[in-house]
2 protein chains.
Amino acid sequence: MSKLEEKTLKSEEIFSGKIISLHLQEVELPNGKTSKREIIKHPGAVAILAVTPENKIIMVEQYRKAIERTIVEIPAGKLEKGEEPDACARRELEEETGYVCESLELLTSFFTSPGFADEIVHVYLAKGLTKKEDSAALDEDEFVNLEELTLEEALQYVKEQKIYDAKTIYAVQYLQLQEALKK
Amino acid sequence: MSKLEEKTLKSEEIFSGKIISLHLQEVELPNGKTSKREIIKHPGAVAILAVTPENKIIMVEQYRKAIERTIVEIPAGKLEKGEEPDACARRELEEETGYVCESLELLTSFFTSPGFADEIVHVYLAKGLTKKEDSAALDEDEFVNLEELTLEEALQYVKEQKIYDAKTIYAVQYLQLQEALKK
């Protein structure tokens, strides 16, 4: 197996924002030549697959400026500085949906776009849900509509591209797999 | 259902690179206040789930500078300007693995990071595979090792975080679901 690593020769921060930063790197390739890499740094995020006692998946409809449209997603949010992923998952679930959970199980973690970004998403399954508040406590620039979907409705949303992002499509397929394994 | 859309008040291009560009936008929120959005534009990509007649999943091991490590992924690549996703999928499969396919089925498309990027990945299932060449024809700054994994090996790779990205974890779970549905 050949050596694949790319050595950083130079790294320049082009932009540092509220959420992401952009770095332009010059790297040495395995063959000794050099190339440029455009890299986004992101604090990482959590997402929560939460199914109510009535067997409904809790979703949030949210406008996503990057894609100029609303999509329906499982609740999710960015890690605060120094925050543990499971603490972040509890916080985001409660803030976005008003639900609290007894326990969390980590289903998987994945890099969303390893070609250009270091963003990782930790996907949790929330267990023992109870509705704590009527209204959610969102960030001041965050606006969402809650939806509770059966698995069949969620699959229909995937087909209609109302559900259209990696973490939510993964989560819906995870539930589909659990259903299939039960039979 | 409340109106969620965010209106662009101002958009500034901070950086335009080989692969991504970064835009800083000022938006009007649904409540009339303003906020900033940091947005990455990306040409979009395809990924190919290709299973050989021997029932092995074709994977590529690749160093990803953004995460400073190698991971094992299904073959994938960026869309060229004006290129149709299915043509791109055929091209990338052949370039990265030396396999050609008779037909392609679109399994799903998803936005990888709708919170800050417009990157979409189209995931195809390749059917009727034949090995065309011994060596792949990679881009000049691209170095990969081919691996062919059984589903069980792929699941083990997910557990060991050798497989660690959204599209590949989705693809492995897709095969797991097909197996479960067969029984």
Side-chain angles (χ1 to χ4, degrees), chain A residues 1-2 4-6 14-15 17-20 22 24-25 27 29-31 33 35-40 42 45 61-67 70-71 73 78 108-119 121 140-141 143-145 158 161 164-167 169-170 173-174 176-177 180-181, chain B residues 1-2 4-6 14-15 17-20 22 24-25 27 29-31 33 35-40 42 45 61-67 70-71 73 78 108-119 121 140-141 143-145 158 161 164-167 169-170 173-174 176-177 180-181:
Chain A
M1 193 175 298
S2 70
L4 299 171
E5 198 177 328
E6 299 175 358
I14 305 286
F15 172 82
K18 264 192 319 182
I19 296 164
I20 56 173
L22 169 64
L24 196 57
Q25 300 190 339
V27 300
L29 300 172
N31 65 1
K33 295 190 177 172
S35 188
K36 293 255 167 84
R37 297 287 178 229
E38 300 158 4
I39 289 170
I40 298 298
H42 182 281
E61 185 196 26
Q62 190 169 4
Y63 186 80
R64 293 301 203 171
K65 190 63 192 163
I67 59 172
T70 57
I71 53 174
E73 304 172 40
K78 285 177 301 294
T108 195
S109 299
F110 48 67
F111 292 102
T112 52
S113 299
F116 70 92
D118 72 349
E119 184 195 32
V121 177
E140 60 172 5
D141 64 349
F143 298 84
V144 306
N145 290 326
V158 172
Q161 300 184 326
Y164 211 173
D165 76 299
K167 65 183 178 304
I169 285 178
Y170 167 83
Q173 189 178 245
Y174 171 85
Q176 230 186 331
L177 175 59
L181 291 172
Chain B
M1 191 175 296
S2 68
L4 299 170
E5 198 177 328
E6 299 175 357
I14 305 286
F15 172 81
K18 261 192 318 181
I19 295 163
I20 56 173
L22 168 64
L24 196 57
Q25 299 190 339
V27 299
L29 300 172
N31 64 1
K33 295 190 176 172
S35 188
K36 295 254 167 86
R37 299 286 178 230
E38 299 159 4
I39 288 169
I40 298 297
H42 182 282
E61 185 195 28
Q62 190 167 5
Y63 186 80
R64 292 301 202 171
K65 189 63 192 162
I67 59 173
T70 56
I71 54 175
E73 304 172 43
K78 286 177 301 295
T108 194
S109 299
F110 48 67
F111 292 102
T112 52
S113 301
F116 69 92
D118 72 347
E119 184 195 33
V121 177
E140 60 173 7
D141 64 348
F143 298 84
V144 305
N145 290 325
V158 172
Q161 299 183 328
Y164 210 173
D165 77 299
K167 65 183 178 300
I169 286 178
Y170 167 83
Q173 189 177 245
Y174 171 85
Q176 232 186 329
L177 175 60
L181 290 174

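Computed over heavy atoms, backbone and side chain alike; hydrogens, waters and symmetry mates excluded.
- Annotation: the span from A:F143 atom CZ to B:S35 atom OG amounts to 9.0 Å, rounded to 0.5 Å.
- Listed for the A:E6 side chain is no donor-acceptor partner under 3.5 Å among the backbone atoms of B:K65.
- Only the backbone of B:Q62 comes within contact range of chain A, judged by heavy atoms closer than 4.5 Å.
- Taking chain B as the reference chain and counting heavy-atom pairs below 4.5 Å, the highest number among A:E73, A:Q176, A:K33 is found for A:Q176.
- The contact between B:S109 and chain A is made by backbone and side chain atoms together, counting heavy-atom distances below 4.5 Å.
- The minimum heavy-atom distance linking A:S113 with B:S113 is given by the pair OG-OG, 3.9 Å.
- Residues A:L177 and B:A180 share a closest heavy-atom pair of CD1-CB, 4.0 Å.
- Atom OG1 in B:T108 sits 14.5 Å away from atom OH in A:Y170 (nearest 0.5 Å).
- Only the side chain of B:L22 has a heavy atom closer than 4.5 Å to any heavy atom of chain A.
- Heavy-atom distances place the side chain of B:T70, and not its backbone, under 4.5 Å from chain A.
- Looking only at heavy-atom pairs under 4.5 Å with chain A, the residue among B:L24, B:I20, B:I40, B:I169 that has the most is B:I20.
- In this structure, the separation between CD1 on B:I67 and CG on A:D118 is 8.5 Å, given to the nearest 0.5 Å.
- For the pair A:F116 and B:H42, the tightest heavy-atom approach, listed with the atom from each and the gap, is CE2-CD2, 3.5 Å.
- Using a 4.5 Å cut-off on side-chain heavy atoms (C-beta onward), B:R64 and A:F111 make no contact.
- Note that the CD1 atom of A:I14 and the CD1 atom of B:I14 stand 10.5 Å from one another [nearest 0.5 Å].
- Interface residue A:E5: backbone and side-chain heavy atoms are both found under 4.5 Å from chain B.
- Scanning all heavy atoms of the two residues, the minimum distance from A:D165 to B:P114 falls at CB-CG, 3.7 Å.
- With a threshold of 4.5 angstrom between heavy atoms, B:K78 does not approach chain A through any atom at all.
- Distance NZ/B:K167 to OG1/A:T112: 10.0 Å, rounded to 0.5 Å.
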